[in-house]
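Contents: one structure, followed by commentary.
All residue numbers refer to positions in the sequence shown, counting from 1. On a predicted model such as this, the values are computed, not experimentally measured, just so you know.
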Amino acid sequence: MDPSLDTWDFSPLISLWIHRFYIYWGFAFGISLWICFQIVIRKQGFATILAEAVTCLGLPVAIINLKEYDPDDHLVEEVTSKSVCAFLVATYTDGRPTESAEWFCKWLEEASIDFRFGQTYLKGMRYAVFGLGNSAYASHFNKIGKNVDKWLWMLGAHRVMTRGEGDCNVVKSKHGSIEGDFRAWKTKFISRLRALSKGEKKSCGGNCKKGRCKSSQHGSEEMEPGSPAQDGLHQRDTEEEEPFASTSEEESSIEDHQSLSSVVDVEDLGKIMNHVKKEKREKEQQEEKTSLFRNTVKNEASERRAMITPALREALTKQGYQLIGSHSGVKLCRWTKSMLRGRGGCYKHTFYGIESHRCMETTPSLACANKCVFCWRHHTNPVGTEWRWKMDQPEMILKEAIENHQSMIKQFKGVPGVKEERFEEGMTVKHCALSLVGEPIMYPEINRFLKLLHECKISSFLVTNAQFPVEIKNLKPVTQLYVSVDASTKDSLKKIDRPLFKDFWQRFLDSLKALAAKQQRTVYRLTLVKAWNVDELQAYAELVSLGSPDFIEVKGVTYCGESSASSLTMANVPWHEEVVRFVHELVDLIPNYEIACEHEHSNCLLIAHKKFKIDREWWTWINYNRFQELIQEYEDSGGSKTFSAEDYMAKTPHWALFGASERGFDPKDTRYQRKNKSKDISGC
């Protein structure tokens with residue numbers, strides 16, 4: 001044996017072998033970072049190349065880093081401009097956007113599913129998208145490009161040409177490399193720009209739906225049948241006509257019958273429809289019997305079910321809810337985001353002095369006893385007249401609600417425009433709006449939940465739909481208690497709220513009577529639905545005398561988009577001038593009240609009892625610190641030491657008053673400052 005072998009140390013090699021998987025992982029991670037870095041670098045280079053090509057057409061062009069692009073301020077400006085916005089976006093690790101595009105993508109995604117923006121928010125804006133990715137990561141290849149394209153389209157923007165997809169994977173790249181993919185897309189984009197600059201419309205691909213366009217001639221851009229460009233054009237045509245199309249069972253059945261023959265005689269159409277309806281009725285009856293049997297067995301064999309089913313969880317999660325336990329949820333209000341950026345607070349900030357960036361919107365019960373026609377959740381939440389589900393403890397609900405709320409606030413760290421001091425303040429919840437969705441008062445432990453809120457020095461704003469009078473009577477003091485008064489007659493209430501209780505009208509009246517006995521601040525919330533409930537002034541006045549609320553909020557209904565659950569349209573949304581006129585007429589019928597505040601952006605006005613007008617000055621705001629002292633004294637005395645609404649009121653600032661030039665905008669916020677510069681704050 002060679003004695004020199006004894007002097008050799010193999011331990012480093014052995015160590016490398018033992019830890020080889022970590023080395024492989026590090027190597028793979030390094031390659032991934034390199035690929036992503038190359039994509040980002042190429043994206044910047046592609047933007048420059050595209051800009052130079054556009055300049056050659058004699059058109060003005062600007063390259064903007066999405067990190068420096070504020071969608072709140074600038075995106076809607078593209079609607080009225082004649083520009084064409086070309087978005088070059090890369091897909092980063094795990095299908096995420098690059099850091100520079102992170103906020104833009106987040107804003108766009110939330111806006112696309114927020115009914116307040118609607119399907120016409122960006123109508124008039126023209127855009128094109130080129131995505132950069134690597135098909136080696138098939139599960140999220142060009143995910144960001146696809147999403148940006150989809151979100152812009154959902155907001156009503158017009159896609160001027162098919163989305164381009166660059167592929168770093170040279171094996172699968174359609175043009176041999178990502179550079180080749182970009183050149184091919186750029187050529188088509190420049191050709192399209194040239195056509196647009198000449199005022200030409202894009203040539204039809206010959207595949208228009210419903211036979212409205214008979215042309216089979218291709219324009220200057222010759223495309224082979226089945227080509228990606230032509231497929232994209234046909235897809236856009238379909239999308240333009242039916243943005244949210246869905247196929248019903250009846251349509252499917254008709255298609256089955258029509259497949260037997262390409263032509264259906266008009267006389268046979270009635271027979272086909274009758275046959276379809278008969279089949280559907282038989283199917284529904286069979287399913288109803290099966291469902292009834294299954295439910296009977298399940299109820300007998302199992303304990304109470306969770307309120308949030310897997311399907312419901314999926315639907316609510318898509319809407320941006322952070323679900324808690326089996327029946328609760330929390331969501332970040334858009335006004336919270338707005339105030340974090342110094343862009344103004346909600347109407348509660350104007351009326352009552354809430355700090356919107358410190359307000360948590362939540363509910364301990366997603367279930368409701370009504371199916372209101374203007375429900376902004378499109379009835380995705382469960383309904384019921386009593387609590388019949390598993391119940392979570394209030395301590396857990398509050399703890400997770402605050403944690404989820406803080407987690408959503410943290411996502412705004414570093415976002416352009418977010419004020420550092422407001423971000424820090426936003427991490428501490430000061431107010432809780434129990435108005436997210438559902439009926440919070442249905443939760444059996446609502447009083448314990450409220451007590452926990454107050455122990456955390458969090459004010460409580462609870463909204464109820466006036467169907468649970470006993471629960472209202474038994475409710476412990478809250479900072480402010482709301483009752484939704486959506487109509488003033490039995491018929492209109494049934495038509496608008498569509499309550500589940502058979503004795504809904506008596507419950508409604510009893511709820512208002514129970515409200516009158518409350519000593520803390522009480523509010524009627526009136527939602528005006530044009531052509532439904534705006535002509536019942538005298539009946540509304542009688543209801544005011546029944547419940548004697550401290551305040552009456554009158555708000556125009558917000559259109560939530562098309563829904564099979566509601567027949568409302570934009571025609572049912574009153575103009576702000578119409579809301580103001582209604583309020584003036586109502587105040588004339590209730591002598592103890594006057595108009596106090598206005599928040600024009602929310603199409604909302606506040607009527608207040610004259611007891612809140614002291615020495616000709618309004619005191620509608622809330623002294624939150626004083627309320628916490630009073631509620632503590634109430635708890636320490638075992639409920640014997642009560643207090644009234646006047647004990648914790650605060651003076652209302654001039655800018656919040658009805659008739660002030662600010663129209664409900666806080667002068668400290670940038671939204672008002674911007675509007676004030678243009679001498680127009682009416683159309684915000």
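A side-chain donor-acceptor contact under 3.5 Å links S338 to the backbone of G344. Between the side chain of T527 and the backbone N or O of V557, no donor-acceptor pair lies under 3.5 Å. Checked by atom type and distance alone, the side chain of S356 pairs as donor or acceptor with a backbone atom of C346 at under 3.5 Å. The main-chain N or O of T363 is never found under 3.5 Å from a side-chain atom of Y443 such that the two would form a donor-acceptor pair. Between the side chain of N623 and the main chain of A650, no donor-acceptor pair closer than 3.5 Å is present. Between the K518 side chain and the L475 main chain, a donor and an acceptor come within less than 3.5 Å of each other. Side chain of E439 to backbone of N465: a donor-acceptor contact under 3.5 angstrom is found. Under the 3.5 Å distance criterion, the side-chain polar atoms of R521 are matched with a main-chain donor or acceptor of T620.
Side-chain contact of S407 with N404: a donor-acceptor pair under 3.5 Å is absent, judged by distance alone. Side chains of H576 and N603: a donor on one and an acceptor on the other come within 3.5 Å. Counted by atom type alone, Q632 and D636 present one or more donor-acceptor pairs between their side chains at under 3.5 Å.
Here CG of L586 is found 9.5 Å from CD of Q538. Values are rounded to the nearest 0.5 Å. Rounding to the nearest 0.5 angstrom, the gap separating the NZ atom in K331 from the OG1 atom in T362 is 12.5 Å. Here CG of L332 is found 5.5 Å from CZ of F412. Values are rounded to the nearest 0.5 Å. Atoms CG and CZ, on L453 and F461 in that order, are 11.5 Å from each other to the nearest 0.5 Å. Distance check, rounded to the nearest 0.5 Å: CD of Q519 to OG1 of T642 gives 4.0 Å. If you take CG on L108 and CG on L155, they are separated by 6.0 Å, rounding to the nearest 0.5 Å.
Considering every non-hydrogen atom in both C333 and E361, the closest pair reads CB-OE1, 3.6 Å. Residue S484 comes nearest to A466 through the heavy atom pair O-CB, 4.1 Å, listed as atom of the first residue, atom of the second, then distance. Looking at every heavy atom in both residues, S637 comes nearest to Y634 through OG-O, 2.9 Å. Here the closest non-hydrogen pair linking L434 and P364 is CD2-CD, 3.9 Å. Shown here for C597 and T350, the closest heavy-atom pair between the two residues is SG-O, 4.5 Å. Taking both residues in full, the closest heavy atoms of S488 and E536 are given as OG-OE1, 2.6 Å, listed atom of the first, atom of the second, then distance.
In this structure, the side chains of W151 and C105 come closer than 4.5 Å at one or more pairs of heavy atoms. In this structure, F508 and D497 have side chains that are not in contact, with every pair of non-hydrogen atoms separated by 4.5 Å or more. Within the 4.5 Å cutoff, side-chain heavy atoms of R507 are placed close to those of P469. Inter-residue side-chain proximity for S459 and I622 is flagged as unmet; no heavy-atom pair is nearer than 4.5 Å. Within the 4.5 Å cutoff, the side chain of I397 has no heavy atoms near those of the E445 side chain. For the pair R388 and R305, the minimum side-chain heavy-atom distance is below 4.5 Å. Between P549 and V544 there is a side-chain heavy-atom pair separated by less than 4.5 Å. Residues L605 and E598 meet the side-chain proximity criterion, which asks for heavy atoms closer than 4.5 Å.
The existence of a salt bridge linking R448 and E395 is confirmed by a sub-4.0 Å separation between a basic side-chain nitrogen and an acidic carboxylate oxygen. With respect to K106 and E109, no salt bridge is recorded, no charged nitrogen being found less than 4.0 Å from a carboxylate O. Using a 4.0 Å cut-off between charged side-chain N and carboxylate O, R358 and E425 make no salt bridge.
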Handout entry: S460/H454 under side chain to side chain contact (heavy atoms under 4.5 Å, CB included): CA gap, chis, key distance, verdict
Key = CA-CA 8 Å; S460 50; H454 299 150; 2.8 Å; yes
Handout entry: Chi angles and distances behind the side chain to side chain contact (heavy atoms under 4.5 Å, CB included) call for Y624, Y352
Key = CA-CA 10 Å; Y624 294 100; Y352 315 118; 4.0 Å; yes
Exercise for the section: Could you please spell out the steps behind the side chain to side chain contact (heavy atoms under 4.5 Å, CB included) verdict for F658 and L606? Expected result: CA-CA 8 Å; F658 176 71; L606 179 69; over 6 Å; no
Exercise for the section: Would you please test K318 and E314 for salt bridge (Lys or Arg N to Asp or Glu O under 4.0 Å) and show each step? Expected result: CA-CA 6 Å; K318 284 182 178 179; E314 182 181 358; 3.7 Å; yes
Problem - Test log, rule side chain to side chain contact (heavy atoms under 4.5 Å, CB included), inputs V529 and D486 - result: CA-CA 9 Å; V529 185; D486 301 324; over 6 Å; no
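Paired with W335 under the rule ring-ring contact (aromatic ring centres under 6.0 Å, His included), one option of H357, H599, H431 passes, and it is H599. Partner D550 forms a side-chain hydrogen bond (donor to acceptor under 3.5 Å, both in side chains) with one of K611, Q480, H609, Q520 and no other, that one being K611.
The aromatic ring centroids of F501 and F468 lie less than 6.0 Å from each other. Aromatic ring centres of W621 and W619: separated by at least 6.0 Å. Not less than 6.0 angstrom separates the ring centroid of Y540 from the ring centroid of Y524.
The neighbour count for E421 CD, taken as heavy atoms of other residues, nucleotides or ligands under 6.0 Å away, is above 12. K555 NZ: more than 12 foreign heavy atoms inside a 6.0 Å radius. In K399, the NZ atom is not crowded: 12 or fewer heavy atoms of neighbouring residues, nucleotides or ligands sit closer than 6.0 Å.
In this structure W655 satisfies the ring-ring contact (aromatic ring centres under 6.0 Å, His included) test together with H349, sequence neighbours excluded.
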